[in-house]
Amino acid sequence: MTWHHHHVLDLDDFSREEIEAVLETASAMKEVLTRPVPKVHTLRGKRVFSLFYEPSTRTRASFELAAKTLSAEVVGITAQVSSVVKGESLLDTIKTLEALGADAIVLRHPEAGAPYLAARYCRASIVNAGDGAHAHPTQALLDIFSLRQRLGDLEGLKVVIVGDILHSRVARSNIWGLKALGARVVLSGPPTLLPMSFADAYAGVEVEWDLERALEGAGAVIALRLQWERQQDLIPSLEEYVAFYQLNAQRLSRARPGAPILHPGPVNEGVEIDPEVARGPQSLIDEQVTNGVAVRMALLYLLLGGAHE
Ligand code: CP
């Protein structure tokens, strides 16, 4: 098995083989989660800290569950109720967790690059759980895992990512991961949230501002919410955004029949996605959340207890 990482910061430094290694390990972890007592002792004695400077439901809960299922000791820290409010810096906090025996620190931070800084000064494995608008590699891996489970090989598959691309760390990490597996990535959204520079920044990625054209023949669609917490004046009019960019049944009919719909959550139903589409038979949204535990178990196993070449 190919695996060389001590940290997981983004997917831009993951080869196809390394992504395959995560997916293969996640399949084995998914089997563990179906057992009557879903618990293995693989990471007994290891210490995993989750350190979150931004809100989270899915990522934090699934990482903590993943680590507990592997029998690691797990400590969760919310920055807003930690010594961060007394002036402790990120690096001081990281050093403190290291002094407490951290083997891995799962870090979410509003500033792009924060996990890279932590990784430079820390012996423990840093796992990026989302840094600003930059990267969310474990979300992309669980999206890819969910797609692979539903569709098999992604080579040549047209995947449309629609919404607030500009502020989306999920879109950026998915671009790297999907391209590594040979998928065709098409980005769609209003020009204010999808500058043409994305096509220059990511070789081979297509930008199509017209969502209906983008969806023609799509094999899968990833919808994203508007990230109001990162910018107040995202769009001139919410009504206009819904009219042109909401993923609804009529627009979806342009994609391949049965094309899976993904959304990293949290979902703003009625804005970026019609509730019937979000809860319909093509939706993988709940499966994504469930698969998040297996994928994060796989990553913790590979980082802390797995086979290194
Ligand atoms: N997808 C995702 O990162 O969700 P949370 O913010 O709830 O962790």
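As the structure lists them, so they are numbered: ligands from 1, and atoms in each ligand from 1.
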Output for ligand 1, non-hydrogen cut-off under 4.0 Å, lists S56, T57, R58, T59, R108, H136, Q139, P264, G265
Contacts of H109 meeting ring-ring contact (aromatic ring centres under 6.0 Å, His included) (sequence neighbours excluded), chain-then-number -> Y53
- Query: Side chains of H6 and R123: do they bring a donor and an acceptor to under 3.5 Å?
  - Reply: no
Between H134 and Y116, is the ring centroid distance below 6.0 Å? yes
In short, L238 meets W228 closest at the heavy-atom pair CD1-CZ2, 4.2 Å
ask   = Do R60's NZ or CZ and the ring of F52 fall within the cation-pi criteria of under 6.0 Å and 45°?
value = yes
Using ring centroids (six-membered ring only for Trp), state whether Y245 and W209 fall under 6.0 Å. no
